[in-house]
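Okay, so here's the structure we're looking at.
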Amino acid sequence: MNAERISVPLRAAATVLVADDEVLVRFLIAEHFRNEGCRVIEATNGEEALSILRTVQPVDLVISDISMPGSIDGITLARHVKQDYQLPVILVSGHYPGALVTGVADAFFAKPYQIEQIAVAAAKLLKGTEP
Amino acid sequence: MTGTAEQSANTATILVVDAEVLVRFAIADYLRECGYRVIEAVSGEEAALVIEMPDVKISILLCDAALEGKINAFSLARLIRRQMPTITVILAGTPAQASQAAAALCDDGPNLARPYEPQLVLDRIKCLIAKRDSGKP
């Protein structure tokens, strides 16, 4: 599986945390951002994502699926991220969650999405966190 | 290392399978810094999906020997032995019994200890790839 390259300039050396329980989806997103020069950390559920955030610093952006197994879904993860780490969050889901994402996510994309859509949103959000 | 082996090492894809995110991330991150393409899986089920991807050629499987689930470490090793014999299997673990059982399924024992010593993992991977590319048994 080869992630398509995009022309949207992402902040190289930015650290992106990708949380998704589907290995092929997670790999596709992660590979895309790595090809753009980002450091990518992969989590397979919300609990893993929080473990990463507690121990691996700094993370610049979180991209998460909403539906994940375990006690911490993407919405809950996003709330933690916003409250405790003040990081930008992009949520994705196969189902539109309505108002649930309001205030907890900076961007939302319904599956199936184009990876370029996420990349464009990520580039904007990462630009806003530049030191 | 020959030119061919060097090229192979630089482009080799390693599948890291570990249920512990911080262990998996640490060794995967290290191997990426060493120039390898690394795919991460949390379970044997995920790993089985990855090795079936038609356009991904896995060279090395690095798996926690204590991996549990429907497809545990040994089931995964057997699956790869049967379906993808070109993939070199490295099982890592601390329980002596598990290591001994795994040895029969692994290439070039002894097995790696876990927690990982990153340099030892890298040395083992380089050695296995070089040996494979040189055609030596």
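In what follows, chains are A, B, ... by sequence order, proteins preceding strands, each numbered from 1.
- Atom CG of A:L17 and atom CZ of B:F25 lie 9.5 Å apart (nearest 0.5 Å).
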Quiz prompt | Chi angles and distances behind the salt bridge (Lys or Arg N to Asp or Glu O under 4.0 Å) call for A:R34, B:E40 | solution = CA-CA 13 Å; A:R34 285 191 188 107; B:E40 299 177 42; 3.7 Å; yes
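- For B:E45, the CD atom is densely surrounded, since the number of other residues' heavy atoms within 6.0 Å is greater than 12.
- Only the backbone of B:A19 comes within less than 4.5 Å of a heavy atom of chain A; no side-chain atom from C-beta onward does.
- Taking CG of B:L22 as the reference point, atom OG1 of A:T55 lies at 4.0 Å (rounded to 0.5 Å).
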Practice problem: With salt bridge (Lys or Arg N to Asp or Glu O under 4.0 Å) as the test, would you mind laying out the steps for B:R24 and A:E42 before giving the verdict? | Solution: CA-CA 9 Å; B:R24 188 178 69 240; A:E42 298 180 40; over 6 Å; no
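- Heavy atoms closer than 4.5 Å to chain B are found in the backbone of A:D21, but not in its side chain.
- With a 4.5 angstrom heavy-atom cutoff, A:V56 touches chain B only via side-chain atoms.
- With respect to chain A, the highest number of heavy-atom pairs below 4.5 Å among B:V21, B:L49, B:V42, B:D29 belongs to B:V21.
- Here the CZ atom belonging to A:R39 is positioned 7.0 Å from the CD atom belonging to B:E33, to the nearest 0.5 angstrom.
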Practice problem: Show the numbers, then the answer: is there a side-chain contact (heavy atoms from CB on, under 4.5 Å) between B:E46 and A:T44? | Solution: CA-CA 10 Å; B:E46 280 199 351; A:T44 64; 4.3 Å; yes
